[in-house]
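Encoded as structure tokens, the structure appears first; notes follow it.
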Amino acid sequence: MNKFIVVWLLGLLAVATVAAKPKGRQWLIGTEYRNVERVAGPKHVTRGVSLAQYSVPSMPLTVSVLTVDLNTPGLSVETCLGANQIVGRETVTDMALRNTKPGHQVVAAVNGDFYMTKPKEEKGMPRSGQVSRDQLVENPVGRACLVIDDNNKACVDRVDWAGTITCADSTYRLHTVNMLRLEKENTGGNQTFLFTPSYGPVTYDCPAGLKMQISAASGAFNWMPTGTQDCVADTVYNADGTTMIPPGKAILWFQGTDTIHARALARAHKFSINFATTLRSNPKQAVAIKELVGGSDHIIMRGGELQDDWDARHPRTCAGINAKGDRLYLVVIDGRSKASTGVTLKEACGILKALGATDAVNLDGGGSSCMVVDGHVVNTPSDGHVRAVGNGLLIVKNR
């Protein structure tokens with residue numbers, strides 16, 4: 001009799017367990033399993049890239065997903081600047097079109113980082129830093145980023161940066177590259193900025209201090225995220241106003257007591273600029289960063305677990321990766337409409353996890369959220385049109 005009761009109870013437990021499991025295609029979004037309908041795809045975009053679109057009627061939600069196999073030969077993930085300069089803005093569609101050329105076909109793209117909206121000299125500037133094709137475009141400031149290394153492997157981390165200028169036996173701190181001020185830092189106005197041609201054709205409208213035009217000691221500048229660039233001082237002059245940044249040159253702007261360094265560098269004529277870019281999770285391990293795009297300082301998920309929530313529902317653009325770092329999921333979730341409400345980051349985490357991601361970062365969202373495939377916008381931007389943004393993330397087929 002006792003054996004019969006045990007078997008009967010085990011049978012009930014098995015039935016209850018089956019009943020508790022989601023049936024069909026369901027995603028755990030927030031605290032509830034939601035029925036999911038695949039409304040399009042997966043569509044073959046190019047080798048290693050597919051597009052699928054889903055609907056979650058009970059919320060409702062519309063979700064567009066690009067899945068990218070980073071092991072695919074001839075396929076690359078690249079960042080780009082709006083209007084090809086730090087202080088520029090451009091639509092994702094125009095970025096994709098402008099960066100397509102023979103042997104370099106942009107097959108898909110999404111918007112990138114949050115960007116500055118004021119003052120005018122910084123409008124369009126990405127908030128978290130950027131690396132493009134192994135070149136430091138703008139220094140990271142410790143915010144959450146998607147990183148692609150030289151082995152084409154991806155990771156999500158907070159990224160830190162430090163810069164120094166070395167002359168003879170002296171070393172001075174370089175505060176920022178291309179005008180992205182280090183957040184929460186108070187230097188009392190005593191700081192040194194480096195403008196490269198990535199900033200734009202002219203510098204910031206500098207109110208005071210000294211400027212120095214510099215050249216590479218040999219060949220062309222190579223602004224690696226981690227490395228040393230030998231330089232020579234060309235000219236030193238008062239910093240008032242804007243200054244042209246000639247092709248192949250760069251400009252140092254010294255403020256406050258840092259103007260002492262300008263005079264010392266001019267006397268020495270030759271000096272070195274040193275960059276060190278590290279991942280917050282393992283700062284002692286060297287990493288060769290090929291591409292970096294920042295987000296909202298929210299790491300959504302790490303190791304399959306929710307890290308940061310943002311409990312308001314908005315349109316979202318997210319970048320997720322699998323555990324091996326060789327598969328990238330670019331996800332755009334529409335919002336602010338009756339057709340799609342948008343999601344919190346906890347809800348976005350559930351969607352990314354269901355797709356196969358273990359780590360994810362939140363990129364710019366709201367009216368900036370946009371996905372372009374083969375030159376066409378495939379989601380519904382909440383502004384009713386495609387917004388001009390500070391930078392983008394491109395999927396490129398290289399022939």
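Numbering starts at 1 and runs along the sequence shown.
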Is it true that [X] and [Y] have a side-chain N and a carboxylate O under 4.0 angstrom from each other?
X: Arg316; Y: Asp334; answer: no
X: Asp230; Y: Lys270; answer: no
X: Asp113; Y: Arg127; answer: no
X: Glu90; Y: Arg98; answer: yes
X: Glu291; Y: Arg133; answer: no
X: Asp308; Y: Arg158; answer: yes

> Can you tell me how far the CG atom of Leu252 sits from the OG1 atom of Thr192, to the nearest 0.5 Å?
Replying inline: 7.0 Å

Between [X] and [Y], is any side-chain donor less than 3.5 angstrom from a side-chain acceptor?
X: Gln130; Y: Glu138; result: no
X: Asn190; Y: Asp258; result: no
X: Ser58; Y: Arg34; result: yes
X: Ser198; Y: Asn178; result: no
X: Lys43; Y: Ser50; result: no
X: Thr228; Y: Ser272; result: no
X: Lys123; Y: Thr117; result: no
X: Ser296; Y: Asp364; result: no
X: Thr278; Y: Asp160; result: no

Residue pair [X] / [Y]: nearest heavy atoms and the distance that separates them:
X: Asn111; Y: Leu363; value: O-CD1, 3.8 Å
X: Pro246; Y: Gln213; value: CG-OE1, 3.6 Å
X: Asp205; Y: Thr242; value: CA-CG2, 3.7 Å
X: Val106; Y: Thr100; value: N-OG1, 3.2 Å
X: Phe195; Y: Ile245; value: CB-CD1, 3.8 Å
X: Ile86; Y: Pro126; value: O-CD, 3.9 Å

> Using the ring of each side chain (for Trp, its six-membered ring), is Phe193 parallel, tilted or perpendicular to Trp253, with breaks at 30° and 60°?
Replying inline: perpendicular

> Is there a side chain to side chain contact (heavy atoms under 4.5 Å, CB included) between Asn379 and Cys370 once you walk through the steps?
Replying inline: CA-CA 6 Å; Asn379 73 307; Cys370 180; 4.3 Å; yes

>> Using ring-ring contact (aromatic ring centres under 6.0 Å, His included), reason through Trp161 and Phe275 one step at a time and then give a plain yes or no.
In response: CA-CA 7 Å; Trp161 173 88; Phe275 296 158; 5.8 Å; yes

>> For Val45 and Asp374: C-alpha separation, side-chain torsions, deciding distance, then whether side chain to side chain contact (heavy atoms under 4.5 Å, CB included) applies.
In response: CA-CA 8 Å; Val45 178; Asp374 291 331; 4.1 Å; yes

